[in-house]
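This report concerns only the one structure given below.
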Amino acid sequence: MKALHFGAGNIGRGFIGKLLADAGIQLTFADVNQAVLDALNAHKEYRVKVVGEDAQVEMVKGVDAINSTSEAVISKIAQVDIVTTAVGPQILERIAPGIAKGLAKRSDSGNTCPLNIIACENMVRGTSQLKMHVLKALPTQYRDWVEAHVGFVDSAVDRIVPPSESINSDPLEVTVETFSEWIVDKTQFKGKFPQISGMELTDNLMAFVERKLFTLNTGHAITAYLGQLNGHNTIRDAILDNKVRAIVRGAMEESGAVLIRRYDFDPAKHAAYIKKIISRFENPYLIDDVERVGRQPLRKLSSGDRLIKPILGTLAYHLPHSNLVTGIAAAMHYHSDQDPQAQELASLLAEKGPQETIAQISGLDSKSEVVTDIVKAYKAINKCAP
Ligand SMILES: NC(=O)c1ccc[n+]([C@@H]2O[C@H](COP(=O)([O-])OP(=O)(O)OC[C@H]3O[C@@H](n4cnc5c(N)ncnc54)[C@H](O)[C@@H]3O)[C@@H](O)[C@H]2O)c1
Ligand SMILES: O=P(O)(O)OC[C@@H](O)[C@@H](O)[C@H](O)[C@H](O)CO
C-alpha cells in the first residue's frame, strides 16, 4: 500500500505518519517547509521519542517527501491508496485544489482502485469539510467518479505532540506522549478497511469526536489561557496551579455534563476520562508551551469549536457553565506576538469592546445573558491583571 500524508509537522511525523509507516505502508509526506522536506529526503527516516514512564526511541524508516504545492502531489494522488492530513483546519482549503487535480488525473488514468482520504485535524468532521473544498475545485464531470471511488473518512485524533526540544540539532525528531487514539468513521470507507495498527474503526464517530474535542481540547485551551494570565509558560506549570486546575476541571465537567446527556456516556467513565486528561496535562516529560495550545484564539472561540459549542450545549440543556464562562473570558485576554489571530482579537477588542467582539467571533447573541456573563468575567480579569 502507498500513502500520501499532508503536513510533516508534530502530529504528522509523531503520530499519523508513524502509524502508516509502522503498518508497512510506503509513505510520502507533502509539506511546504523546505528544511523538513530536505531532511526527510536526505535521511529517509526520523526518530520518535515516546516519553513517559516507559520511555523509548522508535525509528520511522523508508519515508520520503514532496512539496505540497508541486505537480508531484497530483501524480501521487493518482497512485496512492490512502491520503491523510495534519496541516491545521485553515490549511485544508489550500490543499484541496491539488487533491482535486490529483483525483481528476486518477480518473483519467483509469485507476479505479479505492482511495480513502482522512483528515486528522482538531475539528468536527474535518474530512467532510475537506471534501467540500475538493468538490468545489473539481470539474463537475469527475464528481460521480469521485463519489464512486473515493472515501472521505472523518476521524478523531488524540496524542499530545509539542514541538521537540531538539528542533535545532535534528529538525525531524519528534517527542510524543505514550497515549494515542485515532478513531475513524468506518461507514465512510471505500473498498476494504486498511489494516493499520492503532487506527480504530467506529460507526459512532460523532460521540468520539465531541468527547475528545469538548473535553481534552476544552480543558487544554482553558489551561493555556488561564495559565498565561497567571504567569505560567507551560501547560504543566499551569495545571499544577490549583486556581487554574479547579476552573479547568470544572469546565471539563460542565462540558462533560452536556456530552453525557447528548451521547448517554457513563458518568463514572467520563469522570475517569477527565482525570486521565488532567494527568496527561501534568506530564513531566513534555514541555508544551501555553502559546502552542492557545494558538489561533479566533478559531478556538468560533461557534463549533471547543469553548463555544460546549457552552451552547449547557444553554440547550439548562446546565451550569460558570467555569466555561471564565475560560472564554480568559481566551479573550490571550496575547501572542507570533499569532496573527491573537493580534486580530486584540484589535477587535480595542475597536468594538468585549460585548460586540465575543458576539462577532462566536456567533452568540450580543444581548444574551451568557454574553453579559462573559463580558463581566472578562472585565473582572482585567481588573486583576498586573
Ligand atoms: N500537536 C498535537 O498535539 C496535535 C494533536 C492532535 C491533533 N492535532 C492537529 O493536527 C493538525 C496539525 O497540528 P500540528 O501540531 O502537527 O501542527 P504543526 O504546525 O506541527 O504541523 C503542521 C504542518 O503542516 C505544514 N503545512 C502548512 N501548510 C501546508 C500546506 N499547504 N501543505 C502541506 N503542509 C502544510 C506545516 O509546514 C507543518 O509542517 C492540527 O489540525 C492540530 O489541531 C495536533
Ligand atoms: O491543535 P489545536 O490548536 O487545535 O489545539 C492545541 C492542542 O490542544 C492540541 O494540539 C492537543 O495537543 C491535541 O489535540 C491532543 O490530542
Side-chain angles (χ1 to χ4, degrees), residues 4-18 28-37 39-40 65-70 72-73 76 83-99 118-124 126-127 129-130 133 155-164 167 171-172 174-177 179-183 208-209 211-225 227 235 238 248 276-277 280-281 283 286 288-302 304-307 331 334 336 338-339 341-342:
L4 179 66
H5 175 86
F6 285 88
N10 295 320
I11 207 75
R13 295 198 311 281
F15 187 25
I16 303 303
K18 181 172 188 308
T28 299
F29 285 101
D31 205 292
V32 288
N33 182 330
Q34 199 55 46
V36 168
L37 295 175
L40 282 168
I66 55 178
N67 193 303
S68 91
T69 59
S70 71
V73 160
K76 276 281 169 198
V83 170
T84 50
T85 79
V87 286
Q90 72 289 357
I91 305 292
L92 291 178
E93 189 169 5
R94 272 191 238 166
I95 61 171
I99 296 178
I118 314 176
C120 307
E121 316 288 347
N122 276 339
M123 60 199 288
V124 176
T127 317
Q129 296 200 31
L130 175 61
H133 296 307
S155 82
V157 58
D158 191 5
R159 176 171 244 186
I160 297 176
V161 191
S164 172
I167 190 101
L172 296 182
V174 61
T175 305
V176 306
E177 63 173 339
F179 181 92
S180 66
E181 194 173 73
W182 185 24
I183 304 180
F208 287 104
V209 172
R211 185 183 68 145
K212 191 266 170 167
L213 198 59
F214 302 149
T215 314
L216 183 136
N217 294 109
T218 301
H220 221 188
I222 295 175
T223 307
Y225 297 131
I235 292 298
V248 169
K276 168 78 182 163
I277 287 170
R280 290 170 63 200
F281 294 173
N283 191 338
L286 285 182
D288 204 1
D289 287 351
V290 295
E291 285 208 34
R292 181 192 79 84
V293 176
R295 65 186 171 193
Q296 300 172 344
L298 300 182
R299 166 166 65 92
K300 289 181 174 136
L301 284 165
S302 66
D305 215 282
R306 64 209 70 187
L307 298 169
Y334 178 66
S336 164
Q338 325 300 326
D339 188 334
Q341 286 199 10

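All values reported here derive from a predicted model rather than from experimental measurement. When a ligand or atom number is given, it counts from 1 through the structure's own listing order. Quick note: numbers below take in every heavy atom, side chains included, and nothing from hydrogens, waters or symmetry partners.
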Measure from the side-chain N and O atoms of [X] to the backbone N and O of [Y], and report whether any donor-acceptor pair falls under 3.5 Å.
X: T127; Y: A119; value: yes
X: Q341; Y: R299; value: yes
X: E121; Y: V87; value: yes
X: T218; Y: R306; value: yes
X: S336; Y: Q338; value: yes
X: K300; Y: V293; value: yes

Those residues with a heavy-atom separation under 4.0 Å from ligand 1 are G7, A8, G9, N10, I11, A30, D31, V32, N33, S68, A86, V87, G88, P89, I91, I95, C120, E121, N122, V157, R159, I160, V161, R292, R295
Please list, by chain and number, the protein residues whose heavy atoms come under 4.0 Å of ligand 2.
N122, V157, D158, R159, I160, K212, L216, N217, H220, R292, V293, R295, R299, K300, R306
Considering residues at least two apart in sequence or located in another chain, which fulfil the ring-ring contact (aromatic ring centres under 6.0 Å, His included) criterion with Y334?
Y225
Closer than 4.0 angstrom, basic N to acidic O: yes or no for D31 and R13?
no
Quick one: list whatever passes salt bridge (Lys or Arg N to Asp or Glu O under 4.0 Å) with E181, sequence neighbours left out.
R211
